[in-house]
Each structure stands twice: as structure tokens, then as C-alpha cells.
Amino acid sequence: MHTTSAPPHADDAARSSVGGVTTTGLGKRFGELWALRDLNLAVPQGTVLGLLGHNGAGKTTAIRILTTLSQPTEGTGTVAGFDVVRDAAAVREHIGVASQQATVDGLMSAQLNLTTIGRLHGLSKSAATRRADDLLVQLDLTDFATALVRTYSGGMRRRLDLAASLMGTPEVLFLDEPTTGLDPLSRTHLWDMLSELVRGGTTVILTTQYLEEADRMADDIVVLDHGRTVAHGTPQDLKSRIGDDRLDVKVASADDVARAANVVAPFADRAPALDPERHVITVPIKPGVRVVQVVRALDDAGIDAIDVTRREVTLDDVFVTLTGAKPVDDADEAGRQGQERKS
Amino acid sequence: MSKSLLNDATVLARRNLEHIRQVPEKLTNVTVQPLMFVLLFAYVFGGAIKVKGGGYAEYLLGGILIQTLAFAMMGPAQTVATDFQQGVIDRFRSLPTRRSAYLLGHYLAEMLGAILTIVILIGTGFLVGWRSHADVLHLTEGILLLLVFASGIMWMGLWLGVLVRSPDAVMGIGFIIVFPLTFVSNAFVPIDSMPTVLQWMATVNPVSVLIAAVRELFGNPITPVTKHVWPIDHPVAAAWLYSIALVALGWWLAQRRYRARTTD
Ligand SMILES: Nc1ncnc2c1ncn2[C@@H]1O[C@H](COP(=O)(O)OP(=O)(O)OP(=O)(O)O)[C@@H](O)[C@H]1O
Ligand SMILES: [Mg+2]
């Protein structure tokens with residue numbers, strides 16, 4: 001099924017030859033706070049960029065600027081070859097947006113929500129209806145096509161919002177935390193659908209708080225922290241910089257933390273992270289190391305290990321490894337930055 | 001862009017009509033409520049208030065038409081405020097639509113409501129004894145004046161909707177503005193029956209001028225004017241000026257505020 005692939009729009013003169021998305025020194029300030037700073041992107045057509053970051057990292061801010069909903073304070077950006085400020089109208093003709101809170105109309109049926117958007121995209125009535133029916137099938141909403149959207153569950157609303165973003169057959173698709181609120185099955189379904197779109201030439205920019213999601217979907221990942229880009233690369237790049245799995249070792253007393261860190265050091269391929277308050281040592285283990293080896297070594301050293309758990313790398317680990325510290329709590333950080341600026 | 005502004009606006013207007021189809025109660029304030037007002041005022045006050053030159057029903061209709069249309073300001077204000085609150089506005093803004101299509105769409109839908117209100121009020125008025133004593137030309141001018149006034153009201157309502165932070169605020173603000181304006185006027189009682197201070201207020205009140213103009217154009221009784229100022233002495237000319245000014249002001253305020261609120 002290739003109904004959702006992006007058609008070529010080669011007819012516009014104002015357009016630079018580069019499709020996809022580019023930004024140069026893009027930044028946005030709200031009062032004293034830089035929500036986004038110095039974002040540089042070069043997303044080739046037909047690829048997926050993952051914007052990865054915690055709450056308040058600046059993901060939505062970046063999406064809003066690129067979808068012409070918000071004006072940048074500094075820097076420039078192009079989407080599908082058009083400048084997001086000067087050619088905002090042209091940009092809107094080539095994009096689809098699914099925002100973080102599903103913006104669908106609760107007082108209309110799913111079908112009407114979609115056809116209204118189709119008509120605003122300039123489709124004829126019959127074309128809009130056909131496209132809507134097609135997307136309702138793809139997003140598994142046909143059984144509820146004529147039901148009022150305010151009776152929808154959260155996940156259904158999100159899926160409808162996604163369908164809405166695809167009504168205009170966009171060249172560049174922006175998805176702000178698209179899998180939030182979706183059950184595992186819908187999530188996998190969405191990933192499959194996106195893969196197919198990308199194969200058809202659609203460029204996708206998605207945001208997420210989950211490393212595994214970015215890892216699975218994105219060709220390129222940008223890690224944001226308080227508006228700044230702290231890492232940028234392919235999932236493989238990031239993997240090679242932050243290592244593979246993590247082993248969380250919890251010991252009984254604070255005195256054992258440093259000693260345990262020494263014991264586990266031979267199993268790690270980069271420096272373990274210590275959390276003396278929670279008595280936890282996070283060990284980036286070398287490939288091939290098995291949990292039982294670590295447990296035995298700790299036992300031999302006479303250390304009382306309460307718990308040893310192997311897990312996949314998370315966004316927190318990325319921050320710990322790249323910046324050497326756990327990200328500070330948002331509120332604290334904002335307060336501190338404010339004070340620094342005032343003094 | 002091959003699509004016209006009007007295409008976008010009618011698509012958006014249809015959205016409002018669909019809301020009404022889903023929640024018909026939304027229509028009560030432009031249908032049942034005015035109808036009730038006519039019946040209540042005609043029968044409760046009708047006996048007590050004497051009007052020179054005609055029955056109370058003939059006097060009442062002009063007042064109730066203008067009052068109901070003025071209160072209709074809250075309709076667009078509430079829908080727009082709700083759209084902003086739910087973020088629906090961002091969806092429309094990211095689509096290739098003209099910026100002005102959004103407000104224009106609401107305006108078109110609300111005007112359909114206003115026309116319905118006028119029809120219901122005149123119909124009910126007819127039932128309780130209202131008659132027009134004007135020729136077709138003046139009657140038509142009267143209807144046109146009502147429509148222009150309604151346009152001004154709708155644009156003011158759209159402005160209010162973009163202005164407030166939450167739809168809940170609309171009712172309160174709307175009442176504070178519209179209630180005194182429509183009651184301290186010649187809408188239900190002749191001005192000469194009021195205390196002197198109120199007589200002044202009611203005389204300079206543009207609502208009184210509009211109501212007097214409608215009565216004159218419909219050939220209905222106009223009570224004597226006690227204080228003389230130009231507008232109330234020339235109600236039809238003044239009412240046209242006021243209405244056109246209201247349209248211009250409301251349109252300008254709504255566009256300006258909408259522009260400001262959708263720029264960040
Ligand atoms: N309109 C606004 N006015 C003031 N500050 C804002 C505004 N929008 C965002 N911010 C601030 O900018 C920063 C980045 O916000 P943004 O919404 O981009 O984060 P995010 O990465 O999308 O977070 P989340 O994962 O919670 O959605 C936050 O500190 C936020 O408080
Ligand atoms: Mg966000």
C-alpha cells in the first residue's frame with residue numbers, strides 16, 4: 001500500500017534544492033529562559049530524526065518552530081526546502097503535524113474530523129472522503145469512524161490525531177511524542193506504519209523520552225538537555241559512546257559503595273556511576289559479561305550485594321555517561337540558572 | 001494556493017453547524033430563550049406598561065430584538081475560547097489555510113444563528129400581537145440594520161473569545177457588559193418613566209438609539225424623548241453609524257488580538 005507516500009512537489013521556485021529539514025543556530029527564548037539553543041540539523045529526505053530529551057528539554061519548542069506555529073528568536077530553519085519564517089505558508093502545504101496533546105475535535109465524528117482537515121488541505125469532497133476512509137483503515141479506527149470523538153479513549157484520540165496529520169499526504173511529518181498513551185500493540189503498529197511512510201520518501205521528525213524508541217525508529221538522534229544539544233549521531237554512534245547494557249548493583253551499606261565499584265571495575269568498559277545515597281553502582285558492562293560472574297566476584301570480596309539487575313541503556317544513562325552527572329531536577333535547575341543570571 | 005479564503009471559511013463554518021447537530025442544546029440561547037422572553041414580557045409586563053400609540057407587543061419587539069442579538073455575543077466568544085483551550089487552533093494553524101479563515105468561519109456560522117433568532121422573534125412577536133405598520137422598503141431597511149448590528153456583535157464576541165483565557169470567563173464578562181447596557185435603555189419601558197439620572201443614561205445609550213431606529217423602521221410606537229441629543233433625535237441615521245462603527249471596531253479588535261495571540 002503506497003497511498004501514504006509523499007508525492008514529489010518539484011514545481012516551486014522559492015524552494016532550495018535540499019528537501020528534508022535543516023536548521024542553523026535555531027534558538028527560542030521565553031523571557032529569561034532559553035527553551036532551545038543553537039540547534040543544528042541536517043535531516044535528509046526520507047529519513048527519521050529522533051529528538052530525545054526529558055520534560056522541558058525543548059522538544060516541543062523545536063517542533064513548534066519547524067511547523068510555523070512559533071517564531072524562532074534566533075537562527076534559521078527550512079522544511080521541505082522552504083524557510084519556516086519567510087515561506088511559512090509554503091511550509092504548511094508540505095507538512096503534517098501530530099502535536100503532543102491530540103488536537104482533534106471532540107464534537108465531531110472521526111470521519112468528519114478528517115474530511116474537514118482534508119478540505120482545508122484543498123482536497124475535493126470525494127477525495128477527502130476517500131483519503132479519510134483509507135487512513136481510518138490504516139489506523140484501525142473503522143469501527144468507530146462515525147462515533148463522536150469525545151467518546152474515544154486516549155489511545156484512539158492519538159491515532160486519530162495521527163491520521164489527521166497524514167490527511168495532506170505530507171512530505172515532512174512531525175510527531176511530538178507519538179507513542180505516549182499507546183498500548184504496546186498500537187505502538188508496534190505505529191512503528192510499522194512509519195517505516196512504510198519513510199520507505200515512500202517521507203521525512204519524519206519525532207520526539208520521545210525513550211531511548212529504545214529513538215533507537216528503533218531513528219536514523220539520527222539528537223539528545224536535548226535544557227534546550228542544548230548534548231549529543232548528536234546515529235544510534236550506532238551513541239551506542240558506541242555510551243556502551244551497551246547496564247548492571248545496577250545495590251549494596252547494603254554506604255561504606256561498601258566504593259569497594260564494590262573497585263570489584264566490578266574489571267567487568268566495565270567505561271567508568272561506573274556511583275549513587276552513594278541509594279547505595280547503587282551502575283556498571284556499563286563489557287559485551288559477553290554474565291551477571292553471575294559479577295555476583296560471584298562481589299561474594300568473593302565479601303560484599304553484601306542486595307540486588308544485581310541487568311537492563312538496557314536508558315536516557316538517564318546517556319546523560320550520566322556524556323555529561324558525567326545525573327541531570328538535575330528541572331525545577332532546581334531553572335531556579336539555579338535564574339539566580340546565576342541575576343547575580 | 002488554489003483554494004479561496006471563502007472555501008476555507010465555509011469548511012470551518014460547517015464545523016460549527018456540525019457541533020450544533022451533535023449538541024442541539026447549544027441552540028437554546030438563540031431560539032427558546034428569546035421566545036420565552038417575548039412571551040414573558042408580553043404577558044407579565046404587557047398589562048402594567050402603557051405605551052402611547054400602540055399595544056405593548058408592538059413596543060416590545062424592537063427592544064427584545066436588539067437585546068437578544070446583543071446577548072448573542074457570548075456564542076462566538078465561548079466557541080473561540082474553547083478552541084483555544086483545547087489546542088484545536090494549532091491544528092488549523094499548521095494547515096495551509098488563510099490566517100483570517102478561522103474567524104471568518106465562526107462569523108459565518110454565527111450569522112446563520114442570528115438570522116434564525118430574528119425569524120423566531122418576529123414570528124413569536126406576530127403571535128402575541130406585534131404588527132408592522134411600515135412599507136416594505138422600511139421594513140427591509142429595518143431587517144438589514146438588524147443584520148449589520150448582529151455582525152458587529154459577532155465580531156465583538158469573537159474578540160472577547162480570543163481575549164479571555166478560558167471559556168468560563170465569557171459568561172461573567174458578557175453579562176457585566178450586556179446586561180446593564182440593554183436594561184438601562186428604552187428596551188422594555190419608556191424612558192420618560194425613569195428617574196432623571198437613568199433618563200440621561202438611557203438616552204445616550206446606543207442601545208436605546210438602535211431600538212428606537214428599529215421601532216421607527218418597523219412603524220411601531222416610539223415613546224417621547226425627554227432629553228435631546230442628536231443620536232436619539234435621529235435614531236435611524238445614528239443607528240446605522242453605530243452599527244457600522246461596531247462592525248469595524250469589532251473586526252479590527254478581533255483580528256488584532258487573534259494575530260497577537262497566535263504569534264509566539
Ligand atoms: N509559551 C511558553 N512560555 C514560556 N515558557 C515556555 C513556553 N513554552 C515552553 N516553555 C518552556 O520552555 C522549555 C521547553 O519546553 P518544551 O515544551 O519545548 O519541552 P519538551 O521537551 O517538549 O517537554 P515535554 O517532554 O514535557 O513535552 C520549558 O522549560 C518550558 O517551561
Ligand atoms: Mg513537549
Side-chain angles (χ1 to χ4, degrees), chain A residues 12 28-30 35 60-61 63-73 79 88-109 111-113 115-125 128 147-151 157 161 164-165 167-168 170 174 176, chain B residues 1-27 75-76 78-106 108-110 113 167 258-264:
Chain A
D12 315 78
K28 175 78 181 176
R29 195 183 57 195
F30 292 108
T60 299
T61 304
I63 298 273
R64 285 181 64 86
I65 294 173
L66 292 173
T67 53
T68 77
L69 294 177
S70 179
Q71 305 282 311
T73 311
V79 170
V91 168
R92 282 182 218 124
E93 285 184 52
H94 297 91
I95 60 170
V97 191
S99 60
Q100 197 168 350
Q101 57 280 63
T103 50
V104 283
D105 195 330
L107 285 181
M108 297 202 295
S109 68
Q111 208 161 28
L112 262 169
N113 260 286
T115 48
T116 300
I117 287 161
R119 300 280 284 150
L120 292 174
H121 268 294
L123 297 181
S124 71
K125 207 173 210 149
L148 272 198
V149 170
R150 72 169 168 193
T151 65
R157 285 175 72 99
D161 197 46
S165 71
M167 271 307 283
F174 294 89
D176 199 353
Chain B
M1 224 187 299
S2 55
K3 308 181 295 127
S4 70
L5 174 64
L6 204 63
N7 170 69
D8 290 350
T10 42
V11 170
L12 288 165
R14 256 193 230 121
R15 178 177 158 252
N16 288 31
L17 301 185
E18 184 59 24
H19 287 179
I20 288 167
R21 211 171 66 87
Q22 297 298 344
V23 189
E25 308 92 273
K26 275 180 186 280
L27 262 190
Q78 240 156 0
T79 39
V80 169
T82 308
D83 280 354
F84 266 96
Q85 195 181 45
Q86 295 179 345
V88 177
I89 219 101
D90 280 345
R91 156 77 60 207
F92 294 136
R93 283 180 58 218
S94 68
L95 291 172
T97 54
R98 301 288 194 81
R99 198 172 200 169
S100 39
Y102 172 76
L103 288 179
L104 191 63
H106 274 302
L108 292 177
E110 295 294 340
Y258 181 72
R259 216 156 260 275
R261 196 157 170 197
T262 54
T263 307
D264 68 46

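These numbers come from the heavy atoms of this one structure, side chains and all, not from hydrogens, waters or symmetry mates. Quick caveat: nothing in here was measured; it's all calculated off a predicted structure. By convention in this document, chain letters (A, B, ...) are assigned in the order of the sequence lines, proteins followed by strands, and residues within each chain are numbered from 1.
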For A:L69 and B:D90 the tightest heavy-atom approach is CD2-O, 3.7 Å
- Task: Check the pair A:R64 / B:D264 against side-chain contact (heavy atoms from CB on, under 4.5 Å), numbers first and verdict last.
- Result: CA-CA 10 Å; A:R64 285 181 64 86; B:D264 68 46; 3.3 Å; yes
Using side-chain heavy atoms (C-beta onward) and a distance below 4.5 Å, is [X] in contact with [Y]?
X: A:L107; Y: B:K26; result: yes
X: B:R91; Y: A:D161; result: yes
X: A:L120; Y: B:L12; result: yes

Side chain, backbone, both or neither of [X] within contact of chain B (heavy atoms, under 4.5 Å):
X: A:L112; value: side chain
X: A:R29; value: neither
X: A:S99; value: neither
X: A:A164; value: both

Specify which of B:R21, B:H19, B:R99 makes the most heavy-atom pairs with chain A at under 4.5 Å.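 Between B:R21, B:H19, B:R99, the count favours B:H19.
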Turns out that what part of B:Q86 lies under 4.5 Å from chain A's heavy atoms comes down to backbone
Discussion item. Looking at B:R261, I'd like to know if its CZ atom is crowded, meaning that more than 12 non-hydrogen atoms belonging to other residues, nucleotides or ligands lie closer than 6.0 Å.
Written reply: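 Enclosed.
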**Asked** For the candidates A:T116, A:T67, A:T68, A:D105, which exhibits the highest count of non-hydrogen atom pairs separated by less than 4.5 Å from chain B?
**Response**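 Maximum pair count with chain B is reached by A:D105.
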d(A:H121 NE2, B:L95 CG) to nearest 0.5 Å is 4.5 Å
**Item:** Separation between CG of A:N113 and CZ of B:R15, rounded to the nearest 0.5 Å
**Value:**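 These two atoms lie 8.5 Å from each other.
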| said: Check whether A:R92 reaches the backbone of B:R93 with its side chain - one donor and one acceptor, N or O, closer than 3.5 Å. | reply: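 Yes, because the side chain of A:R92 sits within donor-acceptor range (under 3.5 Å) of the backbone of B:R93.
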